[in-house]
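A short write-up of the structure that comes next.
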Amino acid sequence: MCTYNGEEFLSEQLESILNQTRIPDEIVVVDDCSDDKTIEILGEFQESYPSVVKIFENKKNIGITKNFQKSISLTSGDLIAFSDQDDIWKETKLEKCINKLLSDPEQLVCHNSKIFQREKNTNRTLWDTRSPPDAKDATRQGMRLIQGNYVQGATMMFTKDLIDEILPIPENWSHDWYIALMGAIISGIIEVDEELLYYRQHNNNAVGSPQSQIEIVINNVRSMSKQRNKQRSSYERWLNAKSIIESYSQEELVANKGEIVAELEKRIQFERRRHKLYTERSFSKFPKVILNKKEGYYDKFGRGNISMFADVVYSLLSCFR
């Protein structure tokens, strides 16, 4: 678990973890320089469960991805599960994930989650907006993850052997997306279509469920420089992923390497064109929008017509800035 100013919901999360039908051997918590009562709350739980709760405090803020990577390095078990600081685990979450990993050859399991704000009695789930592939083979999973992430960090459990193979997490990647992508390609993912945690939505989420498409466009238009940096980061992310995956032999992967690389090349082409839309100040760049639309990339890698509309708007604005 990684914490940062999580005093409001932290106790409820920790209680749900400690009330599991399969109590964890250890709860490793790395705090990223909180200035509220987070450390005080953690200390109280450590006093009650001294052999289980282990607290580490960063000397400086390192951010969510590096903090989760650090937390992994401090664990001692063979099976590792991520936890956010503000969700609620259903009591059978650990037991069901452990049983799946012990009985199946895959080295990573994920499950669905119930989205809620103040009330838990909601019918919305994470997979309503981030659906896994219909086919449950590693190649289809890897290709789906190149298109977009459907694996929430707090829903995954993986083996120590797998994470040792995957780390370190490259720059520009979120910890959950990168681990899910590499886990799918290397070993395949066990997908449990059951909501085993309540995924809390509030104003201070580090990573929330998807905003509406209109909200994303409005927020990004407000900051052109931020959007340019985002596109450059996305382009570099996929170039890096292709380089890493090409370093593996087919024998080291469960997924079909050729199909995965081919899908990565399409994603890179999409991101390269979008990157140029935001950096070039010439109207000659607009055919790139048409190409991405014609080849179906906006639907596959973006948000359909709304992404195409956003690109046109940003591109026009960039010509005059």
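As the structure is a computational prediction, the values presented were derived from the model and not from experiment.
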Are the side chains of [Y] and [X] in contact, using a 4.5 Å heavy-atom criterion?
X    : Y    : value
Q107 : I163 : no
L197 : I88  : no
E195 : K90  : yes
M157 : L108 : no
C2   : I64  : no
M143 : E259 : yes
L74  : F56  : yes
V192 : N112 : no

Any sub-3.5 Å donor-acceptor pair from [X]'s side-chain atoms to [Y]'s backbone N or O?
X    : Y    : result
S307 : G302 : no
K242 : V261 : no
R267 : W238 : no
Q250 : A255 : yes
D128 : T125 : yes
N256 : G258 : yes
R144 : P133 : no
T159 : L162 : yes
S234 : K230 : no
W127 : Y150 : yes

Next item on the list: Begin with the C-alpha distance, continue with both residues' side-chain angles, and end with the deciding distance and a verdict on side chain to side chain donor-acceptor pair (under 3.5 Å) for K114 and N123.
Entry: CA-CA 7 Å; K114 187 83 74 174; N123 291 322; 4.9 Å; no

Item checked: Contact list for residues 15-40, test salt bridge (Lys or Arg N to Asp or Glu O under 4.0 Å), sequence neighbours left out ->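 Sorted result for residues 15-40: R22-D25, E26-K54.
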
Spacing of [X] atom [atom1] and [Y] atom [atom2] [to the nearest 0.5 Å]:
X    : Y    : atom1 : atom2 : value
W173 : I244 : CH2   : CD1   : 8.5 Å
D87  : S113 : CG    : OG    : 7.5 Å
I146 : I245 : CD1   : CD1   : 6.0 Å
K300 : E263 : NZ    : CD    : 4.0 Å

Next item on the list: Take H111 and K93 through the test side chain to side chain contact (heavy atoms under 4.5 Å, CB included) and record every step on the way to the result.
Entry: CA-CA 9 Å; H111 56 77; K93 170 179 159 66; 2.8 Å; yes

Any side-chain donor-acceptor pair under 3.5 Å between [X] and [Y]?
X    : Y    : result
Y4   : Q85  : no
D84  : Y199 : no
E271 : Y297 : no
S249 : E252 : yes
T38  : E7   : no
D311 : Y278 : yes
S16  : Q13  : yes

Checklist line | Full working for salt bridge (Lys or Arg N to Asp or Glu O under 4.0 Å) between K96 and E91 | finding: CA-CA 10 Å; K96 290 186 175 181; E91 63 180 9; over 6 Å; no

Greater than 12 external heavy atoms within 6.0 Å of [X]'s [atom1]:
X    : atom1 : value
E171 : CD    : no
K70  : NZ    : yes
D164 : CG    : yes

Next item on the list: Any chance you could lay out the side chain to side chain donor-acceptor pair (under 3.5 Å) test for N58 and N67, step after step, and finish with the verdict?
Entry: CA-CA 9 Å; N58 293 335; N67 207 27; 2.9 Å; yes

Next item on the list: Apply side chain to side chain donor-acceptor pair (under 3.5 Å) to E44 and Y49, showing your working.
Entry: CA-CA 9 Å; E44 292 171 358; Y49 303 89; over 6 Å; no

Item checked: Distance under 6.0 Å and angle within 45° of ring axis: R124 vs F116 ->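 No - R124 does not lie over the ring of F116 by the 6.0 Å and 45° rule.
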
Next item on the list: Begin with the C-alpha distance, continue with both residues' side-chain angles, and end with the deciding distance and a verdict on salt bridge (Lys or Arg N to Asp or Glu O under 4.0 Å) for R200 and E12.
Entry: CA-CA 11 Å; R200 192 191 305 268; E12 191 172 17; 2.8 Å; yes

Note to self: As a quick check of understanding, evaluate salt bridge (Lys or Arg N to Asp or Glu O under 4.0 Å) for R272 and E236, giving each step before the final call.
What the structure shows: CA-CA 9 Å; R272 181 187 294 114; E236 292 172 351; over 6 Å; no

Margin query: ring-ring contact (aromatic ring centres under 6.0 Å, His included) for F68 and F82? Distances and angles first, verdict last.
Written below: CA-CA 8 Å; F68 269 111; F82 284 142; 4.8 Å; yes

